[in-house]
Number of protein chains: 2
Amino acid sequence: MSPVKSRREQYSDETRAALLDAATRRFAEHGFAKTSLEDVATDIRATRGAVYHHFPNKTALFEAVFHELESEMIRRVTEVAAGETDPWQAAMSAVRQFLDGSCDPVYGRIVWQEAPIALGWRRWRECEEKYAYGLIEQTIQSLMESGDMPDLPLEPVSHITFHILGAAGMALAEAPPDEKTRVRDEYARAIRHILNGARLPRT
Amino acid sequence: MSPVKSRREQYSDETRAALLDAATRRFAEHGFAKTSLEDVATDIRATRGAVYHHFPNKTALFEAVFHELESEMIRRVTEVAAGETDPWQAAMSAVRQFLDGSCDPVYGRIVWQEAPIALGWRRWRECEEKYAYGLIEQTIQSLMESGDMPDLPLEPVSHITFHILGAAGMALAEAPPDEKTRVRDEYARAIRHILNGARLPRT
DNA sequence: ATACGAACATACACAGCGTATGTCTCCAAC
DNA sequence: GTTGGAGACATACGCTGTGTATGTTCGTAT
């Protein structure tokens, strides 16, 4: 399963990775609009030609960055949740892990602040179906099935939950580094309180 | 208080209003990025010169549109809330009125979808301080003071509430016209349930 | 009657994306 | 080992759209 790569292929992979890396930093620091592909290219001592060789356009490059960050986040969150047996506890751990991960300014800025701008709401939502939104929906559903939550329409509840977590993610992205833990704990409390309120007493 | 306007001033006011009107429709239909000032100008049989005479730049034109829509919404919401005596009832009526108003696709698209993109999150938030966010914060505070809500940190709670309402506003903006009332009612139920959960029993 | 300034139109500079084309170099086959 | 081909980039250009600088018209005050 490890097809020995040719020298050329290896070089190509490395520049692609370097492009992703540089783009990640640029997007996180200056935002999507104010990042020119020229900058990204020169960062790795290449030209825009290299960028357009590896990615069809600017938004595709951004999407690649987005996918990397988001899939890593999902991996960690599901890992933590899988460690719990009780559905409600699993959800709470997932939230906690999400808030922890959102303290990373790169993640917060790119996924919660820049992505909707860069991809547009619709496309962003489409992408998130695979990641956060999809995970939230299935978690909520399992909570409804286990009797932890009332049988409200799934769509609005997941959508609202998505935005509640988004609010926290954005707040954490904006918070100065030395206040992140305080902000994280405040939001954790507030979210826990809200979710507990929405909870049903187990029958 | 009605300083009789000169002919010139009247003409000027009219073109300004026409620009705002055309821009509103363009922004609502095609979004901020895909609306060129050329289009807006030709819509009212003028040139980009007129636009740049009345507004310093593209985002300023958008902000003007945004302010119009948002101040009108706030006017209606506060009006409705003022009709209630009980703080909690006032808040619920305000939510209801907000959801009603959000069924207008122009409002939803511009205020909740395009505004963060056009102005950037930070500026958007700054603008909203005057409108929705400010109103929410003071409402929450009054609910905490009246003992309807627990004394959690104000900032995260208002922020989250803001995003909960935003989720509803966006969903309504996206929903096809013939489903808007259904979606509105679903979100109304979900939000009511969430807020009721967060509520404290009156002492 | 005229001069001045507001309200717009016209013209230009510049940035940034996307695309078309060129060049180099690795690799394979003979 | 040289040659053909293709992948990996670089170079060059066109185009769109913003912002600005300059020109023109036309009310209005004096």
Side-chain angles (χ1 to χ4, degrees), chain A residues 2-27 29-66 114-115 117-120 123, chain B residues 3-23 25-27 29-66 114-115 117-120 123:
Chain A
S2 90
V4 180
K5 298 206 173 167
S6 73
R7 176 172 227 85
R8 266 178 56 158
E9 214 168 342
Q10 179 189 333
Y11 284 160
S12 180
D13 287 356
E14 278 169 13
T15 61
R16 193 193 135 94
L19 280 172
L20 276 176
D21 197 56
T24 303
R25 271 171 311 181
R26 284 276 176 182
F27 286 145
E29 192 163 355
H30 306 290
F32 179 76
K34 289 200 171 177
T35 293
S36 82
L37 298 183
E38 189 72 41
D39 297 336
V40 174
T42 49
D43 275 0
I44 66 158
R45 287 163 304 154
T47 68
R48 279 171 45 240
V51 179
Y52 278 97
H53 176 73
H54 286 281
F55 304 93
N57 50 43
K58 190 181 177 181
T59 57
L61 171 61
F62 182 89
E63 267 198 46
V65 169
F66 175 83
E114 294 300 320
I117 297 179
L119 309 177
R123 180 77 188 126
Chain B
V4 180
K5 297 205 172 167
S6 73
R7 175 174 229 84
R8 269 177 52 162
E9 212 168 343
Q10 179 188 334
Y11 284 160
S12 180
D13 286 358
E14 276 168 15
T15 61
R16 194 193 135 94
L19 280 172
L20 276 176
D21 197 56
R25 272 172 309 179
R26 285 276 176 182
F27 286 145
E29 192 163 356
H30 306 290
F32 179 76
K34 288 199 172 178
T35 293
S36 81
L37 297 184
E38 189 73 42
D39 297 337
V40 175
T42 50
D43 274 1
I44 66 158
R45 290 165 304 154
T47 68
R48 279 172 44 241
V51 178
Y52 278 98
H53 176 72
H54 285 282
F55 304 94
N57 51 41
K58 190 180 177 182
T59 56
L61 171 61
F62 183 89
E63 267 198 45
V65 170
F66 174 83
E114 294 299 322
I117 297 179
L119 309 176
R123 180 77 189 127

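Lettering follows sequence order; numbering is per chain, from 1.
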Please, which pairs that meet salt bridge (charged side-chain N to carboxylate O under 4.0 Å, His left out) have at least one residue in residues 44-66 of chain B, sequence neighbours excluded?
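As it turns out, the salt bridge (charged side-chain N to carboxylate O under 4.0 Å, His left out) pairs with a partner in residues 44-66 of chain B, which skip direct neighbours, are E63(B)-R123(B).
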
So does G31(B) get a backbone contact from the side chain of E114(B), meaning a donor-acceptor N/O pair under 3.5 Å?
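No; zero donor-acceptor contacts below 3.5 Å.
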
With a 3.5 Å distance limit and no angle check, can you tell me whether T35(A) reaches the backbone of H30(A) through a side-chain donor-acceptor pair?
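Checked: no pair found.
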
Residues that T47(A) engages under side chain to side chain contact (heavy atoms under 4.5 Å, CB included), provided they are two or more places apart
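Per chain and number, T47(A) pairs via side chain to side chain contact (heavy atoms under 4.5 Å, CB included) with no residue.
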
How many whole angstroms separate atom [atom1] of [X] from atom [atom2] of [N]?
X	N	atom1	atom2	value
L61(B)	dT18(D)	CG	P	11 Å
D13(B)	dG27(D)	CG	C1'	15 Å
R16(B)	dA6(C)	CZ	P	17 Å
F55(B)	dG19(D)	CZ	P	14 Å

Would you give a per-nucleotide map of nucleotides 9-21 of chain C, 5' to 3', where B means the base has a protein non-hydrogen atom under 4.0 Å away, S means only the sugar-phosphate does, and - means neither?
BB------BBB--

Think [X] has a side-chain N or O under 4.0 angstrom from the OP1 or OP2 of [N]?
X	N	value
H53(A)	dA8(D)	yes
H54(B)	dC8(C)	yes
T15(A)	dA8(D)	no

Given H54(B), which of D13(B), L20(B), L19(B) fulfils the side-chain contact (heavy atoms from CB on, under 4.5 Å) condition?
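The single option meeting the side-chain contact (heavy atoms from CB on, under 4.5 Å) with H54(B) is L19(B).
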
Heavy-atom closest contact (I44(B) atom, A22(B) atom, distance)
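The pair with the smallest heavy-atom distance is CG2-CB, 3.8 Å.
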
